[in-house]
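Inspection log for the structure reproduced underneath, given as structure tokens.
A note on names: the letters A, B, ... follow the listed sequences, proteins ahead of strands, and every chain is numbered from 1. What you see below is based on every heavy atom in this structure, not just the backbone, and it leaves out hydrogens, waters and symmetry mates. These figures come from a predicted structure and were not determined experimentally.
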There are 2 protein chains.
Amino acid sequence: MTQSSSQRAITQLRQLIFSGALPAGSDHLESELAERLNMSRTPVREAALMLESQGLLEMRPRKGVRILPVSAGDMREIYEVLTELECLSAERAARHSVKESDLAALARSIEDMDVALRAGDLEQWAQADEGFHSELVRLGGNSRAINIAGMMQDQVRRARLVTLHMRPVPSQSNQDHRGVLEAIRRGDAEAARSIHKNHRDVAQKLILALLEKHRLHLL
Amino acid sequence: MTQSSSQRAITQLRQLIFSGALPAGSDHLESELAERLNMSRTPVREAALMLESQGLLEMRPRKGVRILPVSAGDMREIYEVLTELECLSAERAARHSVKESDLAALARSIEDMDVALRAGDLEQWAQADEGFHSELVRLGGNSRAINIAGMMQDQVRRARLVTLHMRPVPSQSNQDHRGVLEAIRRGDAEAARSIHKNHRDVAQKLILALLEKHRLHLL
DNA sequence: TCGCACTTTAACGTATACATTAAATTTCAC
DNA sequence: GTGAAATTTAATGTATACGTTAAAGTGCGA
């Protein structure tokens, strides 16, 4: 239960970054962060190294830890990788995950999105959408894909802080989700992949257009 | 020029792992590794954390650092991810990399493979093959994909220590490589992806069959 | 001999100390 | 006043010290 300081540092730094308390582009000395988290520099350094390897920050000698901004170009890269891994997962899920119980979480996320949209609650929708996508990857059963997609999803979440309220309401997006779910249910790997690919491509174009139009760097 | 001890530790530990000097499945105390590398535990720990995040080893409290074996199941996961990222890269390369100079390295790798095969030098062939695949990903221009594919390639290299001399001579593999190169050259993204996908799927099936047949865990 | 409580060991996780050196500041000649 | 050299500062990277605690070892009664 009691977790190590390093682990706490990772968790807390992530929270600080995702909440915007450590804004993109800002610099922070290791000693400042250590004081802030009530621990010595050692676990803070270890945590920073991990987060650096995950692309959330950059350690620059003598300049402190810089929280990395996410540019439109970065988001393009991230969406490209994420799309491939999710499509792989959709295909794999369709190929072997036949048990209906495995699909409950997916179905639930779809319902949650419907509910959230009817209530006009975008935050709720975003959370359910993230749930759908991460569950999809989980069903694919490839642990490397799961880890990598998780990292990419972290960045998508940061971008979503900005894009969520700029984009049109994603009212037809759930049709795709249902299509993917049905394809997996009937074991149609080709369809699962192609429907999801199309789903991601549409979303990607939309979000990237928004970001480039507004020349945004993001939290 | 003078690099940090942490960096050296990463480089040297990688060499020790890839050379088999630290065999898969073996355990090593942080203090042993520190002595071996002539440095204190601190940079060794930092290096081990990085290598752990890359899937090369595992840190187990009080049991030391364990060099992770790569099972057939692991290789399946690794090939799946690598295939997706390489296909993405082939497609992207075809879409934007038109300059002939960009393709020189690819063409060179293909020639090197031909030469190596004629000479019956499998090691040489493997090196050129790795060069082709990594250059392909580089041409895709997605820095995240490049990093991730690099990590996956690290594991493929370890597996190849075992599989290289068990597999049939890859005499027709270069046809695929040429096909991909030509597709990129003429900007045919669909073909680049599908030819490469087929290339990878064939190789993957072959290697996985070998591994499963011999119930191998690998260096 | 076996099993269990107790003691000892030692590996890790973290804190702290310290050497190095990039950056900032000051000094000083002109 | 300006620019370069010298000095000081301070943040990092690494070494070391130390407390905690899982695991190994020991002793002893049955």
* For Thr42(A), report the nucleic acid contact type (base, sugar-phosphate, nothing); a contact means any heavy atom under 4.0 Å. => base
* Assign Met59(B) to base, sugar-phosphate, or nothing according to its heavy-atom contacts below 4.0 angstrom with the strands shown. => nothing
Can you see if the side chain of [X] gets near the phosphate of [N] - specifically, an N or O under 4.0 Å from OP1 or OP2?
| X | N | value |
| --- | --- | --- |
| Ser5(A) | dT14(C) | yes |
| Arg45(A) | dG13(D) | yes |
| Ser4(A) | dG13(C) | no |
| Ser6(A) | dG13(C) | no |

Between atom [atom1] in [X] and atom [atom2] in [N], what is the gap in whole Å?
| X | N | atom1 | atom2 | answer |
| --- | --- | --- | --- | --- |
| Arg41(B) | dA11(C) | CZ | P | 10 Å |
| Arg8(A) | dG13(C) | CZ | P | 15 Å |
| Glu32(B) | dA11(C) | CD | P | 8 Å |
| His28(A) | dT12(D) | NE2 | P | 12 Å |
| Glu35(A) | dT14(C) | CD | P | 19 Å |
| Gln7(B) | dT12(D) | CD | P | 17 Å |
| Lys63(A) | dT9(D) | NZ | C1' | 17 Å |
| Leu29(B) | dG13(C) | CG | P | 12 Å |

Is there a donor-acceptor pair closer than 3.5 Å between any side-chain N or O of [X] and the backbone N or O of [Y]?
| X | Y | answer |
| --- | --- | --- |
| Gln3(B) | Arg8(B) | no |
| Asn142(B) | Glu77(A) | yes |
| Asp176(A) | His196(A) | no |

So if I take every side-chain heavy atom of [X] and compare against [options], which nucleotide ends up nearest?
| X | options | result |
| --- | --- | --- |
| Glu30(B) | dC12(C), dT12(D), dT14(D) | dC12(C) |
| Met39(A) | dA11(D), dA15(C), dT14(D) | dA15(C) |
| Arg62(B) | dA17(D), dT21(D), dA15(D) | dT21(D) |
| Ser40(B) | dT14(D), dT12(D), dT14(C) | dT14(D) |

* Asked: CZ of Arg108(B): more than 12 outside heavy atoms within 6.0 angstrom?
  -> no
* To do: Can you label the angle between the His199(B) ring and the His177(B) ring as parallel, tilted or perpendicular, going by 30° and 60°?
  => perpendicular
